[in-house]
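First comes the structure, then the notes that go with it.
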Amino acid sequence: MKRLTVKELLQATSYDETVEVMGWVKTRRGNKQVNFIALNDGSTIHNMQVVVEVDRFPEEVTRRVTTGAALRVKGVLVASAGSGQSSEIQARELEVLGDADPEKFPIQPKKHSLEFLRENAHLRFRTNLFGAIFRVRHAMAFAIHDYFNARGFVYLHTPLVTASDAEGAGEMFRVTTLDAARPPLTETGEVDYRQDFFGRATNLTVSGQLEGELGAMALGKIYTFGPTFRAENSNTTRHLAEFWMVEPEVAFNDIRDNMDLAEDFLKHLIRVALERCADDLDYLARRLQEEEKDRPAAERSMNLIEKLQFVLACPFERLAYTEAIDILRNSKPNKNGKFQFPVDRWGVDLQGEHERYLVEKHFKRPVILTDYPADIKAFYMKQNPDGKTVAAMDVLFPQTGEIIGGSQREESLDKLLRRMNELGVPAENLSWYLDTRRFGSAVHSGFGLGFERLLLFVTGMGNIRDVIPFPRTPKNAEF
Ligand code: 4AD
Ligand code: MG
């Protein structure tokens, strides 16, 4: 007899056969004669109901069937008489594989706060909510590979340890084997990284883009998908110190092709979520409604599934930074002093509050902003003829704000060198990168999708710490 998952059993169409299933007890209810166990094994949000005639089993066993205990059940699968489930198992054999002392097991069948569950991140997988979130996370990761594979992209593994700073923001974690208390010093008293493991100062990568470009300028279409590290001290609901980024890079694509790719890619992922994660999304949608039921109607979010369908159906608004600044400058919240960061001049960087105003209030749809001032963007972006802006593009989403950042890349060696010089980016360290511009240079473009930002949007969760199994944030690296 084959052991089946709860998901398989719930899809079964033939009954009255003996089956075996293993999982964890969600709840147990009933009376002296008969008990109903809700059993879950993580294969689906739904539980299998196990019916236990108490007389059949020693009290020694049934007593140990408590929330969180691991069980092996053998029994007969029957069509269910009760409402709420299609089938159930009439237990014939019951084995407690692992007890979960109700006095000590923290995850009890009641509502726990997200904060409490973050402190118990090692056990939060056991809740319905985190089961749903991590099944959706898996489905989205798989869909990303599927999308690019079907379109001829090569999955390129770029290094995590690097000596370069792709974004030039300097928010990097140092990787070293030097003794922090007594590092070797140079004659001028600086730390001598020539004596370090790699013979130079190295960091954890902030982006795989620079290496990705090298791949694209030979393989044509590549993507990376891996962990990314930023030591920015922003304790927000949208930032992690370790997050996952997806970075496609395509030779011969200009900024317009890049925008088309980003929009098609995001819509594909949302479509897959709706198709393949229907049960989990349904659960997440109901959770969100429950969470917000006491708020005034105007402050409640759109139903999660309707929101996803809506984004799928509408073309993203595309406009230049300069137009966005005009809209923001004349907006009500700006005039009434409601923005924490007032928009008073061309050239300011946009904050989350500005991005969300454009998306949620002004256009009421996702927005792709292009042609940002060169001074607030990285050195590698294509310089526009106006001499002030670059061919950057940020995709802004409701709730999450920036979900994608990308650009067309500067393909002219001279222009790139001039910009690096202006910004103090040392060309000698990036000689390998510049070789793509020296030999067979061509127009190319790419972008980075923050995987957890996508998951915030798809699951409707409000805090990025709740869509990654073990969040890394300032002062927090437990588990
Ligand atoms: O806009 P960013 O910094 O772009 C790059 O790194 C480019 N090299 C990408 C490229 O063109 N290949 O980051 C890309 C995305 C952001 O839009 C955001 O979604 C996400 O990565 N992101 C973060 N997500 C979570 N926590 C953080 N600290 C993040 N920083 C960026
Ligand atoms: Mg960005």
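Start at 1 and go down the list; that is how both ligands and their atoms are numbered. Positions are given from 1, in the same order as the sequence printed here. All figures in this text were calculated on a predicted structure; none of them were measured in a lab.
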- Item | Trace of the ring-ring contact (aromatic ring centres under 6.0 Å, His included) decision for Y147 with Y223 | CA-CA 11 Å; Y147 179 88; Y223 72 105; 9.3 Å; no

Taking non-hydrogen atoms only, is [X] closer than 4.0 angstrom to ligand 1 via side chain, backbone, both or neither?
X: H239; answer: both
X: F451; answer: neither
X: D394; answer: neither
X: E167; answer: side chain
X: R409; answer: side chain

Closer than 4.0 Å to some heavy atom of [X] - which atoms of ligand 1 meet that?
X: R238; answer: 25 (C), 26 (N)
X: E232; answer: 27 (C), 28 (N), 30 (N)
X: S207; answer: 6 (O), 8 (N)
X: G406; answer: 11 (O)
X: Y380; answer: 7 (C), 8 (N)
X: I404; answer: 17 (O)

- Item | Residue E402 atom name (nearest to the Mg ion (ligand 2); N/O/S) | OE2

- Query: In terms of ring plane angle, is the pair F225 and F451 parallel, tilted or perpendicular, where the classes change at 30° and 60°?
  - Reply: perpendicular

- Task: Please answer whether the main-chain N or O of R345 pairs with a side-chain N or O of R329 as donor and acceptor at a distance below 3.5 Å.
- Result: no

- Item | Approximate separation, where rounding is to 0.5 Å, of W346 CH2 and T322 OG1 | 5.5 Å

Below 3.5 angstrom, do we get any N/O pair linking [X] and ligand 1?
X: G405; value: yes
X: L240; value: yes
X: G450; value: yes
X: Q209; value: yes

Nearest-neighbour protein heavy atom for [atom], which is reported as residue plus atom name and distance:
atom: atom 22 (N) of ligand 1; value: F243 CE1, 3.5 Å
atom: atom 18 (C) of ligand 1; value: R453 NH1, 3.5 Å
atom: atom 15 (C) of ligand 1; value: G448 O, 3.5 Å
atom: atom 19 (O) of ligand 1; value: I403 O, 2.8 Å
atom: atom 3 (O) of ligand 1; value: R230 NH1, 2.8 Å
atom: atom 17 (O) of ligand 1; value: E402 OE2, 2.6 Å
atom: atom 12 (N) of ligand 1; value: E247 OE2, 2.7 Å

Does [Y] have [X] sitting over its ring (NZ/CZ under 6.0 Å from centre, angle to axis within 45°)?
X: K338; Y: Y357; value: no
X: R194; Y: F198; value: no
X: K377; Y: Y321; value: no

- Message: Can you tell me if F397 contacts ligand 1 (heavy atom of the residue under 4.0 Å from the ligand)?
- Response: no

